[in-house]
Asker: 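Here it is, the structure in full.
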Amino acid sequence: MKLASWNVNSLKVRLPHVLQWLADTQVDVLCLQETKLTDDKFPVAEIEAAGYQVAYSGQKTYNGVAILSRHPLANEVKNNPLFPDEQQRIIAATIEGMRIVCAYVPNGQTVGSDKYAYKLNWLASLRDWLAAELQAHPSLALLGDYNVAPADRDVHDPAAWVGSVLVSEPERAAFQALCALNLTDAFRLFEQPDKVFSWWDYRQMAFRRNMGLRIDHILLSPPLAARCTACIIDKAPRKLEQPSDHTPVIATLAS
DNA sequence: ATGGCACTCGCTGAGTGA
């Protein structure tokens, strides 16, 4: 069983990459963020033709999330019931006995801005909701673009980034508050090479220079963490023509 | 240094992202 997450930065533009990547990797579950499509524009037929069921929640221009699954997908929930929000950033579903939560955490723009406050409130409310979800669903995975680099080793140049949005102490504390629900960063269950990232700026040849951040994560509750045998970030899609600025993260679970 | 680039809406630029 392979679970994956990918911020595609427009599913309209990236659909060919997604379909090719599904064919190549055969992941069981793929969580997408930044689809940037209203639901009436979602490419259901193309995804179903690839052998995936899909749940999606979108809006025009911004945000938008989806879960693609090779297995039956049930009990779909859009957004956090504790956090009324116009922005479509969360979708959840139950697949093969696992509660899959796909999240696009707000960016926060700049430390101290209104959007930063929204981000911290959003994350605090996510924590509260997940605490309840975990009571009902002990096997839970939270996959998505967290817009938080949890530690300095997740940042290409920690000195250059110190205190800024995506790495600030309150954001990292919010990430740790999620971990404190007994959720484990699947990537850190394993020995990993240095300087592995999931996002690189489009500018300044950042990808070629590996000037990146690790901000896309898969957190697993104890029953799933116990089954996790690998977690990797697949850089291949970032090398394609017209790539997303993010690249997928994949966790493998033993059956 | 607030730039750089990509995406969207919908216009000839602005907003947002990370």
Side-chain angles (χ1 to χ4, degrees), chain A residues 5-18 21 31-43 56-66 85-90 102-123 126 143-175 187 195-217 233 235 237-249:
Chain A
S5 177
W6 192 2
N7 178 326
V8 290
N9 186 17
S10 169
L11 185 57
K12 181 183 174 185
V13 174
R14 230 67 66 192
L15 182 62
H17 288 190
V18 171
W21 192 78
C31 295
L32 300 178
Q33 302 86 38
E34 286 208 84
T35 55
K36 299 188 178 181
L37 293 172
T38 51
D39 289 350
D40 59 303
K41 302 267 178 53
F42 197 91
Y56 47 94
S57 179
Q59 65 186 92
K60 195 190 259 193
T61 312
Y62 302 118
N63 310 313
V65 286
D85 195 355
E86 293 299 305
Q87 303 185 27
Q88 303 305 309
R89 296 180 172 277
I90 291 179
C102 171
Y104 175 44
V105 177
N107 167 281
Q109 202 165 57
T110 53
V111 173
S113 66
D114 288 351
K115 287 176 180 171
Y116 182 79
Y118 165 74
K119 178 181 191 173
L120 294 180
N121 289 335
W122 192 98
L123 281 165
L126 175 63
L143 306 91
D145 175 358
Y146 287 62
N147 271 316
V148 178
D152 280 352
R153 62 183 167 167
D154 302 311
V155 180
H156 69 94
D157 183 351
W161 279 84
V162 68
S164 76
V165 75
L166 315 186
V167 309
S168 73
E169 189 282 326
E171 290 166 88
R172 286 178 168 175
F175 181 86
F187 188 77
K195 300 194 181 301
V196 176
F197 307 121
S198 66
W199 170 87
W200 301 262
D201 200 297
Y202 284 120
R203 298 163 287 191
Q204 299 180 295
M205 295 184 291
F207 180 65
R208 270 207 279 173
R209 299 158 71 187
N210 199 30
M211 296 167 58
L213 303 175
R214 192 176 70 92
I215 54 178
D216 299 87
H217 309 298
I233 294 174
K235 283 169 72 168
R238 192 62 169 80
K239 301 173 183 173
L240 300 171
E241 288 292 318
Q242 207 177 3
S244 171
D245 44 355
H246 296 252
T247 198
V249 53

Asker: I'd like to know if K60(A) pairs up with D40(A) as an ion pair, taking the criterion as any Lys NZ or Arg NE/NH1/NH2 lying under 4.0 Å from an Asp or Glu carboxylate oxygen.
Answerer: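 Answer for the salt bridge query: no.
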
Asker: Any side-chain N or O of N147(A) less than 4.0 Å from the OP1 or OP2 oxygen of dA18(B)?
Answerer: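 Checking dA18(B) against N147(A), a side-chain N or O does come within under 4.0 Å of OP1 or OP2.
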
Asker: Is S10(A) near enough to dT8(B) that one of its side-chain N or O atoms lies under 4.0 angstrom from OP1 or OP2?
Answerer: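 Yes.
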
Asker: Do Y62(A) and Q87(A) pair up side chain to side chain, a donor and an acceptor below 3.5 Å, judged on atom types alone?
Answerer: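 Absent: no donor and acceptor within the cut-off.
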
Asker: Does a side-chain N or O from R14(A) land closer than 4.0 Å to OP1 or OP2 of dC7(B), or not?
Answerer: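 Yes, within the criterion.
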
Asker: On the side chain of D201(A), is there an atom forming a donor-acceptor pair with the base of dA18(B) - under 3.5 Å, no angle test?
Answerer: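 No such pair is found, so the answer is no.
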
Asker: Rounded to whole angstrom, note down the P distance from dA1(B) over to dG13(B).
Answerer: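 To the nearest whole Å, 29 Å.
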
Asker: A side-chain contact here means heavy atoms from C-beta on lying under 4.5 Å apart; do V111(A) and P170(A) qualify?
Answerer: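 SC-SC contact between V111(A) and P170(A) ruled out.
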
Asker: Looking only at side-chain atoms of K115(A), point me to the closest of dT8(B), dG17(B), dG4(B).
Answerer: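 The answer is dG17(B), which lies nearest to the side chain.
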
Asker: Roughly how far apart, to the nearest Å, are dT8(B) and dA18(B) at atom P?
Answerer: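 Straight-line distance between the two P atoms is 14 Å.
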
Asker: Closer than 4.0 Å, any side-chain N/O of Q204(A) to the OP1 or OP2 of dG3(B)?
Answerer: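 Answer no for this pair, as no side-chain N or O of Q204(A) is under 4.0 Å from OP1 or OP2.
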
Asker: Using a heavy-atom cut-off of under 4.0 Å over every strand shown, decide if V165(A) touches base, sugar-phosphate, or nothing.
Answerer: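 Touches nothing.
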
